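Take a look at the structure below.
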There are 2 protein chains.
Amino acid sequence: MSQASKKSATKATTTLADQVLTKIQTAIIKGDLPHGTKINEQELAATYGISRGPLREAISRLESQKLIERIPHVGARVVSLDINELVDLFKVREVLEGMAARLAAENMTDQDITELTALLEKHEQSEQLQQGESYYQDEGDLDFHYLIITGSKNKTLINTLTIDLYHIIRMYRFQCSAETTRPKKAFKEHRRIIEAIQSRDGELAELLMKRHISAARINTEQRLTALSSVEQ
Amino acid sequence: MSQASKKSATKATTTLADQVLTKIQTAIIKGDLPHGTKINEQELAATYGISRGPLREAISRLESQKLIERIPHVGARVVSLDINELVDLFKVREVLEGMAARLAAENMTDQDITELTALLEKHEQSEQLQQGESYYQDEGDLDFHYLIITGSKNKTLINTLTIDLYHIIRMYRFQCSAETTRPKKAFKEHRRIIEAIQSRDGELAELLMKRHISAARINTEQRLTALSSVEQ
DNA sequence: TAACTGTACATTGTTGACAATCACTATGGA
DNA sequence: TCCATAGTGATTGTCAACAATGTACAGTTA
């Protein structure tokens with residue numbers, strides 16, 4: 001009965017601002033709203049068929065997710081990726097997700113770990129199926145990291161990573177198709193991390209996660225510096 | 001002198017939402033709006049003499065600063081401190097500020113370090129003057145940490161610590177007068193951290209900062225568990 | 001008495017109009 | 001030609017009224 005009242009929560013009883021928020025989120029992440037795009041309030045409001053009120057609410061949240069930047073009386077823009085800032089982000093990720101892996105090894109329940117291994121096996125299959133296609137692998141990789149983050153059971157850590165930092169990471173990944181060059185390596189690294197968590201070796205899990213992200217960072221740096229030198 | 005510019009900026013050409021934001025911030029941090037207080041929009045709007053529009057904007061930002069929590073169609077409440085969550089926060093701080101100290105040792109300019117040592121000496125004087133008074137010491141401690149955080153020159157790290165996490169830390173400190181019991185110890189720890197940064201020893205700076213925050217956490221845990229057992 | 005139901009009230013979500021501010025252009029002067 | 005400045009248009013900030021939702025209370029029924 002209480003479920004009957006809440007079953008409609010699927011999409012019926014959310015607020016307008018929430019609905020539009022997710023739409024704009026995906027638009028930014030997928031690149032439909034490219035970096036640096038000026039956000040015109042009444043234009044966007046008209047696009048989504050809502051008033052400026054809820055739109056501004058959505059913009060406010062997007063700002064807290066670092067997906068857009070706002071200047072008073074001037075307006076909002078989709079955040080633009082600077083290589084140095086991206087490297088900074090990776091370094092913070094390295095530390096925080098390393099911590100998450102350590103805590104996950106300590107605090108995950110056995111069932112949590114079971115789910116994690118199941119996810120890994122699912123990746124193994126899909127990876128064999130679509131070798132070059134990095135799209136799903138990327139989303140799967142995010143799921144992997146997400147499970148470990150939540151497995152840490154540290155609320156501040158979870159919020160910081162999933163709310164404050166991860167949206168912009170998703171954006172970057174989607175638009176740069178980050179892991180295309182090293183999917184097999186990344187997959188092996190995932191497996192080792194899980195093994196460390198299974199054996200409740202927090203220290204090792206932290207070390208491996210740090211290396212995993214560090215490798216991704218270096219890979220990214222090389223790609224982007226090469227890219228920017230071509231542009232010039 | 002940065003505080004002087006900050007003061008004038010408050011009333012110059014900021015938006016209404018901004019002005020009210022800072023007012024509510026301090027109200028929450030100082031405890032004028034106690035933990036768990038329901039936030040009534042039109043009531044607060046009337047209090048500050050503004051409309052509900054800018055007030056909702058301010059609430060939105062307070063939410064992103066973790067000072068209040070919101071439920072759609074129900075309302076907003078001032079966040080209430082749970083001991084476990086506070087410990088979680090400290091642990092994340094430990095890792096991130098440790099990282100900040102390491103990066104500060106690597107990236108701070110000589111002038112940055114000069115300012116840092118000047119701050120320390122200022123603390124030394126004021127500490128001798130007002131032994132028991134923890135008020136200023138707390139704010140000074142925050143300045144110390146703030147300088148090191150910004151000294152890391154890592155934008156993501158700076159934003160995460162100063163915007164996403166530090167407001168709630170300030171709230172806790174102010175209301176629980178955290179460091180009253182160990183001001184001298186804390187001061188010595190500060191000095192050693194600075195020495196490590198001066199000698200550009202990032203590893204040592206990180207270690208010392210982690211210990212410094214860890215000690216504060218343990219101190220806090222003991223105080224709060226004692227407090228809660230008394231309440232029961 | 002306890003639980004359920006429906007109604008009335010209070011609060012939040014949404015809207016469109018109005019005011020304040022900024023960016024751009026053109027005009028004038030040096 | 002260049003710079004400064006004032007005017008114009010567009011955009012954001014603010015407001016007050018309206019709609020939708022949740023909450024509390026009263027009344028009814030088992």
Side-chain angles (χ1 to χ4, degrees), chain A residues 1-25 27-28 33-65 67-80, chain B residues 8-25 27-28 33-34 36-65 67-80:
Chain A
M1 11 189 149
S2 64
Q3 286 181 340
S5 62
K6 281 196 176 178
K7 85 182 176 186
S8 56
T10 3
K11 76 176 173 184
T13 315
T14 85
T15 169
L16 271 186
D18 271 324
Q19 297 171 14
V20 172
L21 170 67
T22 56
K23 286 181 185 173
I24 302 180
Q25 261 185 2
I28 292 178
L33 290 173
H35 307 157
T37 304
K38 173 75 160 52
I39 289 188
N40 186 316
E41 291 185 359
Q42 60 186 21
E43 190 182 314
L44 255 191
T47 303
Y48 292 110
I50 62 172
S51 164
R52 276 179 56 219
L55 182 82
R56 281 170 67 87
E57 176 104 21
I59 290 177
S60 209
R61 302 213 194 141
L62 288 168
E63 190 187 11
S64 76
Q65 296 174 352
L67 287 180
I68 69 172
E69 289 175 333
R70 247 174 91 186
I71 303 175
H73 292 113
V74 173
R77 294 187 165 278
V78 177
V79 72
S80 59
Chain B
S8 59
T10 8
K11 93 175 181 184
T13 309
T14 77
T15 168
L16 270 186
D18 272 322
Q19 297 171 15
V20 172
L21 170 67
T22 55
K23 286 183 187 172
I24 302 180
Q25 262 185 1
I28 292 178
L33 289 174
T37 303
K38 174 76 161 51
I39 288 187
N40 186 315
E41 290 185 1
Q42 60 186 21
E43 191 182 313
L44 255 190
T47 303
Y48 292 110
I50 61 172
S51 163
R52 277 179 56 217
L55 181 81
R56 281 170 68 88
E57 177 105 19
I59 289 179
S60 211
R61 301 211 193 141
L62 288 167
E63 190 188 9
S64 77
Q65 295 173 354
L67 288 180
I68 69 171
E69 289 175 333
R70 247 175 89 188
I71 303 175
H73 292 114
V74 174
R77 295 188 165 279
V78 177
V79 72
S80 59

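Note that the structure is predicted; figures quoted are calculated from it, not measured. Throughout, protein chains are lettered first and strands after them, A, B, ... in sequence-line order, and every chain is numbered starting at 1.
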May I have the distance from [X] (atom [atom1]) to [N] (atom [atom2]), rounded to whole angstrom?
X	N	atom1	atom2	value
Glu57(A)	dT12(D)	CD	C1'	17 Å
Ile68(B)	dT12(C)	CD1	C1'	13 Å
Lys38(A)	dC22(C)	NZ	C1'	10 Å
Leu55(A)	dT12(D)	CG	P	10 Å
Glu43(B)	dT12(C)	CD	P	10 Å
Glu69(A)	dT12(D)	CD	C1'	18 Å
Arg52(B)	dA19(D)	CZ	P	15 Å
Leu21(A)	dG13(C)	CG	C1'	15 Å

Is Gly53(B) touching bases, backbone alone, or none of the nucleic acid, heavy atoms closer than 4.0 Å?
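Touches nothing.
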Would you indicate what Ile39(A) reaches in the nucleic acid, counting non-hydrogen atoms under 4.0 angstrom: base, sugar-phosphate, or nothing?
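Answer is sugar-phosphate: Ile39(A) comes under 4.0 Å of backbone atoms only.
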Respond yes when some side-chain nitrogen or oxygen of [X] is under 4.0 Å from OP1 or OP2 of [N], and no when none is.
X	N	answer
Arg56(B)	dT12(C)	no
Thr15(A)	dT12(C)	no
Gln42(A)	dT11(D)	yes

Pick from Leu62(A), Leu55(A), Ile59(A): which one makes a side-chain contact (heavy atoms from CB on, under 4.5 Å) with Ile39(A)?
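Option passing the side-chain contact (heavy atoms from CB on, under 4.5 Å) with Ile39(A): Ile59(A).
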Minimum-distance nucleotide (side-chain atoms of [X] versus [options]):
X	options	result
His73(B)	dG13(D), dT12(C), dG13(C)	dG13(C)
Asn40(B)	dT11(C), dT14(C), dC15(D)	dT11(C)
Glu41(A)	dT12(D), dT11(C), dT15(C)	dT12(D)
Ile50(B)	dG13(D), dC15(D), dT12(C)	dC15(D)

Are the side chain of [X] and the backbone of [Y] linked by a donor-acceptor contact shorter than 3.5 Å?
X	Y	result
Thr47(B)	Glu43(B)	yes
Arg77(A)	Gly36(A)	yes
Ser60(B)	Glu57(B)	no

Identify the two heavy atoms, one from Pro34(A) and one from Val78(A), that lie closest to each other, and give their separation to 0.1 Å.
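Smallest heavy-atom distance, with atoms named: O-CB, 3.5 Å.
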